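Shown next, in structure tokens, is the structure this report addresses.
Proteins come first, then strands; the chains are lettered A, B, ... in the order of their sequence lines, and each starts at number 1. Worth saying up front: this structure is predicted, and the values here are computed from it rather than measured.
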Number of protein chains: 2
Amino acid sequence: MTSRPARAPEGARGDLFDPLCPTRRLLDRIGTKWTSMAVKVLAEAAPEELRFAALQRRMPGVSQKMLSTTLRNLVRDGLVERRVEPTVPPRVHYRLTALGLSLDGPLAAVRAWAEEHMAEIDRANRLSDERAEED
Amino acid sequence: MTSRPARAPEGARGDLFDPLCPTRRLLDRIGTKWTSMAVKVLAEAAPEELRFAALQRRMPGVSQKMLSTTLRNLVRDGLVERRVEPTVPPRVHYRLTALGLSLDGPLAAVRAWAEEHMAEIDRANRLSDERAEED
DNA sequence: CAGCATCCCGTGCGATACTG
DNA sequence: CAGTATCGCACGGGATGCTG
């Protein structure tokens, strides 16, 4: 994930069925393991900034490499702003841009649905598993 | 993807930071390449059913294998209902369950955001690329 | 018609180690 | 402190071929 093409859409203004359709490309971003969590954490802290270490503390399990990669991609996408204090050692601060904040709306809807309905999905899975065993 | 663990959450009712948190697990599902498109197509057709071939026709680029896999996972998750007509050759019909339909709400919000804002993300990417070249 | 089985490759991502 | 570099592997997913 170190470098991501994210090429401009070219003739990809087509509907959802185009492999380069906007939704597919957005999901390729927020579908990566740590991205949506980073957006959520930054959205909760907004309008304050968060430093790298603070972000890592609020995202248990993330490695330095993946957090760094995730943030770099978010910055590149214009969803996050990065500010470096020129001290030694340097302090780096992150916060959502207006665009990033606007994305947290739809993401919050997804989170709400997940909180409310994932248990039903788990139930459906258990039912399917039982049916599969008693064949 | 032939088999998916999707194990019950155990003690995973924790917040977003749990690796088994509901949002993370939901994104693992709708983040797969064809899932959200299948949900959209089925939601548009609702309450009518769609046959396998009709789904494939409405999802250009999907292979039989991936469509089959995607649908099997959706059925297993209780988001899609599968009905087989016992004829020869068989006709198989799919439609969203109530749970699946409810998921289309948040997904529609994500789609709307993507349609409206992906161009800005592309612009941000181009800007970053230019800055990177003129170093 | 609606799949499942097999082969194969790209890459997301974790673990570990090093640096200005 | 806030990263980058390297290694390694599991896995998503495409191509192809077979079947009830």
Side-chain angles (χ1 to χ4, degrees), chain A residues 1-7 19-20 24-25 27-38 42 49-76 80-95 132 135, chain B residues 1-7 19-20 24-25 27-38 42 49-76 80-95 132 135:
Chain A
M1 192 198 259
T2 283
S3 74
R4 193 155 38 99
R7 275 285 146 257
L20 297 175
R24 179 72 254 128
R25 288 165 54 235
L27 284 171
D28 282 343
R29 289 165 159 78
I30 64 180
T32 60
K33 188 163 184 182
W34 302 103
T35 300
S36 60
M37 192 185 299
L42 286 168
E49 302 173 310
L50 287 179
R51 294 179 53 185
F52 189 90
L55 272 163
Q56 191 170 22
R57 222 176 312 115
R58 289 165 185 243
M59 296 168 61
V62 71
S63 65
Q64 285 189 339
K65 172 196 168 185
M66 285 318 296
L67 179 55
S68 159
T69 300
T70 300
L71 289 171
R72 184 163 5 97
N73 285 333
L74 283 169
V75 169
R76 180 185 155 91
V80 166
E81 206 176 298
R82 188 187 128 112
R83 183 174 67 85
V84 184
E85 269 186 86
T87 59
V88 222
R91 304 161 139 234
V92 185
H93 305 256
Y94 295 91
R95 68 178 171 96
D135 53 65
Chain B
M1 195 198 254
T2 283
S3 74
R4 191 156 39 103
R7 275 286 146 258
L20 297 175
R24 179 70 253 129
R25 289 168 51 238
L27 285 171
D28 282 342
R29 288 165 161 78
I30 65 180
T32 59
K33 188 163 184 182
W34 302 103
T35 301
S36 59
M37 191 185 300
L42 286 168
E49 303 173 309
L50 285 179
R51 294 180 54 186
F52 189 91
L55 274 163
Q56 191 169 21
R57 222 175 312 117
R58 289 163 186 245
M59 296 168 62
V62 72
S63 66
Q64 286 188 339
K65 171 195 169 185
M66 287 318 296
L67 179 54
S68 160
T69 299
T70 300
L71 289 171
R72 186 166 2 100
N73 286 332
L74 284 169
V75 169
R76 181 184 155 92
V80 166
E81 205 177 297
R82 187 186 131 113
R83 182 175 67 85
V84 184
E85 270 186 84
T87 59
V88 223
R91 303 161 139 236
V92 185
H93 305 255
Y94 295 92
R95 68 179 172 97
D135 52 61

* Structure fact -> Picking from D:dC1, D:dG3, D:dG20, the nucleotide nearest the side-chain atoms of A:Q64 would be D:dG3
* To do: To the nearest Å, give me how far apart CD (B:E49) and P (C:dC1) are.
  => 18 Å
* Heavy-atom check, side chain of B:R95 versus side chain of B:R83, under 4.5 Å -> no
* Structure fact -> note: A:M66, atom CE; C:dG14, atom P; distance rounded to Å ~ 6 Å
* Roughly how many Å is it from CD in B:E85 to C1' in C:dA2, rounded to a whole number? -> 13 Å
* Step-by-step side-chain contact (heavy atoms from CB on, under 4.5 Å) determination, A:V92 to A:R82 -> CA-CA 7 Å; A:V92 185; A:R82 188 187 128 112; 3.8 Å; yes
* For B:L71 and B:L55, run side-chain contact (heavy atoms from CB on, under 4.5 Å): C-alpha distance rounded to whole Å, both residues' side-chain angles, the deciding distance at 0.1 Å, then the answer. => CA-CA 10 Å; B:L71 289 171; B:L55 274 163; 3.9 Å; yes
* **5' precedence on DNA chain D between A:R82 and B:G31 (nearest-nucleotide basis)** => A:R82
* Starting at CH2 of B:W34 and ending at P of C:dG3, how long is that distance when rounded to a whole Å? -> 17 Å
* Report the distance from atom CG of B:L55 to atom P of C:dG3, rounded to the nearest whole Å. => 10 Å
* **Interatomic distance where CZ belongs to B:R91 and P belongs to C:dG3 [whole Å]** => 14 Å
* Asked: Ignoring hydrogens and angles, does a donor from either the side chain of B:K65 or the base of C:dG3 sit under 3.5 Å from an acceptor on the other?
  -> no
* Heavy-atom donor-acceptor pair, A:R29 side chain to A:R25 backbone, under 3.5 Å -> yes
* Return no unless some side-chain N or O of B:R51 is found under 4.0 Å from OP1 or OP2 of C:dA2. => yes
* Asked: If you round to the nearest 0.5 Å, how far is CZ of B:R51 from CD of B:Q56?
  -> 12.5 Å
* Structure fact -> Assign each of A:P89 and A:G61 the nucleotide of DNA chain C bearing its closest heavy atom; nearer the 5' end lies the nucleotide of A:G61
* Could you state the CZ-C1' distance from A:R72 to D:dT4, rounded to the nearest angstrom? -> 8 Å
* Look at the side chain of B:S68 and decide which nucleotide, out of D:dA2, C:dC4, D:dG20, has an atom nearest to it. => C:dC4
* Asked: Between A:M59 (CE) and D:dA2 (C1'), how many Å, whole number?
  -> 15 Å
* Can you find a side chain N or O atom of A:Y94 that sits less than 4.0 Å from OP1 or OP2 on D:dC1? -> no
